[in-house]
J.: 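Handing you this structure, nothing more for now.
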There are 2 protein chains.
Amino acid sequence: MRHVADRAGVSYQTVSRVINDADGVAPQTRERVLAAMRDLNYRPSVAARSLARARTDTIGLVLPFPVDVTFANAHFLQTIGGVDRVVAENDYSLLVSSPDDEDPALSAHRRMVRRRAVDGVIVEAGMGDEGIELLIEAGYPVVAIGHVAAAVPSVRPDDESGAYSATQHLLALGHRRIALIAGSAPDNLAQQARLRGCRRAGTDAGLPLDEDLIATGEFSLESGHEAAARLFDRDVPPTAVLAFNDAMAIGAMRLLRERGIDVPREVSVVGFDDTPTAALLTPALTTVRIFSSELGQRAARTLIGMLRGTKVPPVPAVLPSQLVVRQSTAPVPARRG
Amino acid sequence: MRHVADRAGVSYQTVSRVINDADGVAPQTRERVLAAMRDLNYRPSVAARSLARARTDTIGLVLPFPVDVTFANAHFLQTIGGVDRVVAENDYSLLVSSPDDEDPALSAHRRMVRRRAVDGVIVEAGMGDEGIELLIEAGYPVVAIGHVAAAVPSVRPDDESGAYSATQHLLALGHRRIALIAGSAPDNLAQQARLRGCRRAGTDAGLPLDEDLIATGEFSLESGHEAAARLFDRDVPPTAVLAFNDAMAIGAMRLLRERGIDVPREVSVVGFDDTPTAALLTPALTTVRIFSSELGQRAARTLIGMLRGTKVPPVPAVLPSQLVVRQSTAPVPARRG
DNA sequence: CGGGATCGTGTGAACGGTCACGTGTGTGCG
DNA sequence: CGCACACACGTGACCGTTCACACGATCCCG
């Protein structure tokens with residue numbers, strides 16, 4: 001309905017100029033056009049615009065899990081919050097796609113590819129990389145958040161060194177029986193990096209970790225609770241627990257409280273992520289901070305940069321992680337008997 | 001690049017037919033076209049398609065808060081999870097827009113309107129209705145989730161009766177000093193409905209609520225904790241607490257535990273929403289179930305129905321809420337002294 | 001006082017699809 | 001054996017923008 005708009009005197013390409021505030025349009029003409037647009041309550045059509053410009057100003061976000069489970073994880077919550085902010089600041093829209101039940105590994109990507117509706121895609125690493133390959137084949141610029149093997153730019157926390165320093169911290173406090181509550185997907189790269197960090201800290205200190213003390217959970221509070229239950233049912237229970245996210249650490253703390261085991265006097269607990277609630281617990285949780293929101297922001301900025309023509313090499317940007325020592329860790333209690 | 005596709009023998013409108021699997025195309029031709037599409041790795045352009053069809057097959061979702069705070073609320077998590085599922089099932093895409101800091105009440109809606117990129121909009125009620133009006137003026141079909149005054153179809157839980165039955169439950173257990181932990185936005189309609197329900201339960205029983213025992217929070221665990229602290233600092237503390245969401249109820253329970261007050265023996269606690277974790281607490285939380293996911297699904301279905309031509313009157317669909325009695329409520333302890 | 005920049009605006013052709021038709025085959029029927 | 005009709009496919013126009021140009025004024029300067 002642009003011929004309606006040029007009822008305001010001029011011909012409709014001039015209106016286009018005004019909209020894209022290109023130069024080469026007289027101030028008064030501009031005013032006239034703007035007024036007409038306002039009067040007629042005119043909104044340009046993105047469809048036509050993106051057809052002509054061959055871009056949509058929309059970026060896609062593919063989630064590793066259904067919306068309700070993805071966002072239940074505080075880390076994803078934060079990263080995606082960061083993405084959203086940057087995306088909005090730069091006047092892009094955000095199109096989300098989440099996997100369905102039938103094909104968790106690929107459906108979200110596939111849906112994103114099928115309709116050519118976005119300029120680029122941010123993917124939260126979670127499952128394998130086949131989905132990412134799909135997107136690349138389809139010609140999308142892609143940046144990943146988290147640990148991926150695919151040859152795309154990515155941003156991720158330094159999982160290994162985070163795990164390393166957390167373990168080191170516990171070792172320094174005298175702990176020898178350190179339990180891990182890891183994730184249950186052995187092929188997850190972030191998971192592997194963290195395990196590597198833990199083990200390396202052990203061997204570096206000449207005190208290798210007890211592999212029997214590795215339990216797994218689903219990154220939920222409940223699964224942390226259950227994993228802790230298994231660990232503390234053992235004949236010789238651990239004196240410290242390092243969980244691979246805060247939710248599981250909180251679950252473990254809950255179990256310890258139920259069993260009347262004091263944290264940190266009897267058992268130390270360390271989390272991962274530094275969720276907002278970590279600081280508010282009693283005792284406040286010692287945890288590895290990974291700057292989730294920054295991760296998301298950085299990913300979004302990288303992608304937008306790529307869309308604007310910046311060449312970005314397909315290497316991961318690694319953001320440092322940082323151990324935040326609070327009240328849930330303490331020296332190992334003196335051995336009795 | 002459709003002329004590339006009809007390298008496969010036919011002329012490019014036939015390809016269009018194949019894509020939209022319209023009838024009137026010979027099976028073998030169809031096969032030939034499909035093969036060609038596959039060979040050339042062809043994907044139709046949504047832009048062109050939506051230009052020609054005057055629809056985008058995308059629905060917009062406007063959030064009441066930034067992504068990270070919206071999804072931190074379990075209720076929103078569930079509703080939007082429901083929306084997402086239905087949207088995906090019906091082959092629509094989901095475009096999300098969240099408010100920025102400058103103009104929380106309108107920016108998300110405005111951004112949605114500016115680019116005419118969606119066929120219809122689902123809005124999570126939160127702030128006022130001006131944003132919704134904006135969308136209506138722009139000509140969008142809109143359906144709201146939650147309590148709104150605007151003349152649009154909406155789906156919402158029965159807040160009033162939920163609050164009513166929760167209060168009634170506490171009264172029936174003999175509680176007389178019932179504290180409320182409400183939200184802090186007095187003009188929120190859901191909030192008002194819940195308060196109305198509580199009060200009505202009181203007056204119906206001839207035992208009006210003590211208005212002094214109404215504290216407010218921000219629907220977070222921490223704010224529930226703080227509100228409870230204020231309530232239990234009083235000379236004559238309440239014997240029951242009804243929080244307007246589960247997170248605040250959990251916060252209250254945490255405070256009570258810190259103070260050595262047993263739930264439910266000494267104080268009963270009731271939540272609202274029936275978050276998945278509510279059942280997993282110890283003691284398991286008595287709470288008002290509001291079927292959040294169904295709310296979202298229903299909203300999405302309604303909107304999609306509207307997009308397909310169904311006329312939907314601008315009245316709210318009210319889903320019943322239902323009190324789930326678990327272990328956090330018990331008869332008021334016998335008065336001592 | 002005329003000619004080349006420069007500025008403001010109009011022109012035509014895409015962009016990649018869909019849709020309402022029109023046309024050429026093959027089939028069934030009288 | 002010829003007619004009507006269904007079916008398969010091609011034709012042209014259009015959806016609402018942007019873009020590279022062409023064009024006519026205006027301006028500056030020699």
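Letters A, B, ... are given to chains in the order of the sequence lines, protein chains preceding strands, and every chain is numbered from 1. Hydrogens, waters and symmetry mates play no part in the numbers below; they use all other heavy atoms, side chains included.
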J.: Looking at A:R17 and A:D21, is there a salt bridge between them, counting it only when a charged N and a carboxylate O are closer than 4.0 Å?
T.: no

J.: Let me know the distance between CG of A:L40 and P of D:dG16, rounded to the nearest Å.
T.: 14 Å

J.: To the side chain of A:N20, which of D:dT18, C:dG17, C:dT9 is closest?
T.: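 Within the option list, the nearest is D:dT18.
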
J.: Excluding sequence neighbours, so at least two apart, what forms side chain to side chain contact (heavy atoms under 4.5 Å, CB included) with A:D84?
T.: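 Per chain and number, A:D84 pairs via side chain to side chain contact (heavy atoms under 4.5 Å, CB included) with A:L94, B:V67, B:S98.
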
J.: Tell me which nucleotide among C:dT18, D:dC15, D:dT17 gets nearest to the side chain of B:R49.
T.: C:dT18

J.: A:R115 has an atom CZ; how far is it from atom C1' of C:dG16, in whole Å?
T.: 16 Å

J.: Expressed as a whole number of angstroms, how long is the span from B:Q28:CD to D:dC7:C1'?
T.: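 It is 13 Å, rounded to the nearest whole Å.
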
J.: Does a salt bridge link B:R114 with A:D91, judged by any charged N lying under 4.0 Å from a carboxylate O?
T.: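 A salt bridge is present here (some side-chain N lies under 4.0 Å from a carboxylate O).
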
J.: Can a donor-acceptor pair be found, under 3.5 Å and without considering hydrogens, that links the side chain of A:Q191 to the backbone of A:G183?
T.: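 Yes; at least one donor-acceptor contact below 3.5 Å.
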
J.: Taking only N and O in the side chain of A:T29, is any of them less than 4.0 Å away from OP1 or OP2 of C:dT9?
T.: yes

J.: Indicate whether OP1 or OP2 belonging to D:dT18 is found under 4.0 Å from a side-chain N or O atom of A:S16.
T.: yes

J.: So, under a plain 3.5 Å distance rule, would you say the side chain of B:R17 forms a donor-acceptor pair with the base of D:dG10?
T.: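 Result: at least one qualifying N/O pair found.
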
J.: Using the side-chain heavy atoms of A:Y12, tell me which of these nucleotides is nearest: D:dG12, D:dT17, C:dT9.
T.: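 Closest nucleotide to the A:Y12 side chain: D:dT17.
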
J.: Compute whether any side-chain donor of one residue and acceptor of the other, for A:R85 and A:N90, lie under 3.5 angstrom apart.
T.: no

J.: Would you mind reading off the distance between B:R30 atom CZ and D:dC9 atom C1', rounded to a whole angstrom?
T.: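 Checked: the CZ to C1' distance equals 15 Å.
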
J.: Measure from CZ on B:R55 to P on C:dG16 and round the result to the nearest Å.
T.: 21 Å

J.: Across the strands shown, which category fits A:R43 at heavy-atom distances under 4.0 angstrom: base, sugar-phosphate, nothing?
T.: sugar-phosphate

J.: Quick one: does B:T70's side chain have a donor or acceptor within less than 3.5 Å of a partner on B:F65's backbone?
T.: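 Yes, the answer is positive, given that a donor and an acceptor are paired below the 3.5 Å cut-off.
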
J.: For the pair made of CZ in A:R53 and P in D:dG16, what is the distance, rounded to whole Å?
T.: 18 Å

J.: Where the side chain of B:P44 is concerned, which of C:dG17, D:dC9, C:dG16 is the nearest nucleotide?
T.: C:dG17

J.: Is the shortest side-chain N to carboxylate O distance from A:D103 to A:R110 below 4.0 Å?
T.: yes

J.: Within this structure, what is the CE-to-P distance between A:M37 and D:dG16, rounded to whole angstrom?
T.: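 Going from CE in A:M37 over to P in D:dG16 covers 16 Å.
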
J.: Any donor-acceptor pair under 3.5 Å joining the side chain of A:Q13 to the base of C:dG12?
T.: yes

J.: Output yes when B:D100 and B:R111 qualify as a salt bridge under the 4.0 Å nitrogen-oxygen rule, no when they do not.
T.: yes

J.: Using a cut-off of 4.0 Å on non-hydrogen atoms, how would the nucleic acid contact of A:A54 be classed: base, sugar-phosphate, or nothing?
T.: nothing

J.: Both B:L51 and B:A26 contact DNA chain D. Which one's nearest nucleotide lies toward the 5' end?
T.: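 Mapping each residue to its closest nucleotide by heavy atoms, the 5'-most match is B:A26.
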
J.: Check whether any side-chain nitrogen or oxygen of B:T14 sits under 4.0 Å from OP1 or OP2 of D:dG10, and answer yes or no.
T.: yes

J.: Taking five pairs at each end, how big is the angle between the two axes of the helix from C:dC1-D:dG30 to C:dG30-D:dC1, to 10°?
T.: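 It works out to 40° between the end axes.
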
J.: Could you tell me how far apart A:D57 (CG) and D:dT17 (P) are, to the nearest whole angstrom?
T.: 15 Å

